[in-house]
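One structure is given below, encoded as structure tokens.
Numbering of ligands and ligand atoms starts at 1, following listing order. The structure displayed is predicted, hence computed values, not measured ones.
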Amino acid sequence: MADANGLFVSFEGGEGAGKSTQIRRLAERLRGLGHEVLVTREPGGSPGAEAVRHVLLSGAAEMFGTRMEAILFAAARNDHVEEVIRPALARGTIVLCDRFMDSSRVYQGVTGNLEPDFIEALQRVAVNGVVPDCTLILDIPAEKGLERARKRASADAAPDRFEKEELQTHEKRREAFLDIAARDPDRCHVIDAQRKEDAIADEIASIVERRLEAADHMAAVRPEVAQ
Ligand code: T5A
């Protein structure tokens with residue numbers, strides 16, 4: 001577990017899978033139940049990391065290569081962890097994070113062709129022991145996710161550095177997220193994100209509420225275990 005008090009939940013998946021939508025809904029639901037909730041995102045989430053976000057998503061760092069981008073993602077993540085996530089967990093807050101370490105494994109590692117050892121070494125430094133208790137992987141065929149993202153983008157802003165890439169690259173990312181879930185089933189849950197928002201929200205809420213109950217149970221039995 002990331003911290004003795006709070007609960008750390010990350011949302012992962014391809015572009016337009018519905019992560020932000022579902023985070024908003026879950027936060028609302030948990031606050032309604034009386035929990036303190038922090039919604040945050042990557043790249044970004046702290047003033048330092050938000051400054052790096054612009055450099056990464058505008059494509060300004062692309063000319064320096066994937067390795068440089070991976071290091072910038074890791075630098076932003078470490079600032080976010082130390083300035084925002086770790087303190088929030090220590091206060092007993094539920095942290096809902098839109099993308100985290102698995103995005104670097106997939107985008108910079110698998111489709112950026114960086115060596116797994118390099119990515120894992122960066123991750124260790126970046127997260128410094130703060131690993132999600134629960135990761136919800138929103139799974140959708142790349143084409144459908146991109147279509148959703150494009151619809152929203154036309155009303156909002158132009159596609160970013162990563163959204164612009166080939167469909168085949170996005171499909172590879174989908175497979176890579178599923179592979180992470182298969183290798184870490186205690187932490188990761190794959191959610192079928194092609195369904196209606198309500199059905200997805202209900203499934204996510206039941207997973208997170210189970211995690212909260214388990215965390216409460218562990219907190220209750222921990223003194224006896226320690227005897
Ligand atoms: N990145 C990030 C890396 O390369 N390495 C890293 O380590 C990290 C952390 C971040 C980019 O940075 C890369 C990955 C990304 O390319 P971003 O702008 O933060 O970019 O964007 P994303 O995280 O990709 O998120 P998106 O905004 O594209 O998509 P979401 O949040 O998954 O989707 P959402 O909720 O905004 O929904 C998209 C649209 O679909 C609709 C929504 O209303 C919205 O219009 N929608 C649905 N429609 C139908 N049915 C449903 N169930 C729907 N749910 C949502």
Any donor-acceptor pair under 3.5 Å linking the side chain of [X] with the backbone of [Y]?
X    : Y    : value
R195 : D192 : yes
E50  : G45  : yes
K172 : L167 : no

Quiz prompt | Centroid-centroid under 6.0 Å between F73 and Y107 rings | solution =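 F73 vs Y107: aromatic centres not under 6.0 Å.
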How far is [atom] from its nearest protein heavy atom, and which residue and atom is that?
atom                    : answer
atom 30 (P) of ligand 1 : K19 N, 3.5 Å
atom 27 (O) of ligand 1 : R152 NH1, 2.7 Å
atom 43 (O) of ligand 1 : T21 OG1, 4.3 Å
atom 20 (O) of ligand 1 : D160 OD2, 3.5 Å
atom 31 (O) of ligand 1 : S20 OG, 2.6 Å
atom 16 (O) of ligand 1 : E15 OE2, 2.8 Å
atom 7 (O) of ligand 1  : S104 OG, 2.6 Å
atom 46 (N) of ligand 1 : R148 CD, 4.0 Å

Close N or O approach ([X], ligand 1; < 3.5 Å):
X    : value
K196 : no
F162 : no
A17  : yes
F100 : no

Quiz item: Looking at V131, L122, V130, V106, which hits side chain to side chain contact (heavy atoms under 4.5 Å, CB included) with M101?
Solution: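 Single pass found, and it is V131.
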I'd like to check which ligand 1 atoms, numbered from 1 as shown, lie under 4.0 Å from a non-hydrogen atom of [X].
X    : answer
E197 : 51 (C), 52 (N), 53 (C), 54 (N)
E42  : 9 (C)
I200 : 52 (N)
Q108 : 3 (C), 4 (O), 5 (N), 6 (C), 7 (O)

Under a heavy-atom criterion of less than 4.0 Å, does [X] contact ligand 1?
X    : value
Q194 : no
R195 : yes
R53  : yes

Exercise. Evaluate the criterion side-chain contact (heavy atoms from CB on, under 4.5 Å) for residue pair F8 and I94; output intermediate values, then yes/no.
Key: CA-CA 6 Å; F8 183 14; I94 300 173; over 6 Å; no
Quiz item: Considering only heavy atoms from C-beta outward, does the side chain of I180 approach that of C188 to under 4.5 Å?
Solution: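 Touching, per the 4.5 Å side-chain cut-off.
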Quiz item: Looking at side-chain heavy atoms only, is the closest gap between Q123 and R77 below 4.5 Å?
Solution: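 Touching, per the 4.5 Å side-chain cut-off.
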Practice problem: State whether F118 and R67 meet the cation-pi test: NZ (Lys) or CZ (Arg) under 6.0 Å from the six-membered ring centroid, and within 45° of the perpendicular axis. | Solution: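 Pair R67/F118 counts as cation-pi.
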Quiz item: If you measure from the Lys or Arg side-chain nitrogens to the Asp or Glu carboxylate oxygens, is any gap between R173 and E12 under 4.0 Å?
Solution: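 The answer is no: the pair does not qualify as a salt bridge.
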Quiz item: Does the distance from a Lys or Arg side-chain N to an Asp or Glu carboxylate O, for R105 and E120, drop under 4.0 Å?
Solution: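 Here R105 pairs with E120 in a salt bridge, since their nearest N and O are under 4.0 Å apart.
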Quiz item: Do you see a donor-acceptor pair shorter than 3.5 Å between the side chains of H189 and R211?
Solution: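 A donor-acceptor contact under 3.5 Å links the two side chains.
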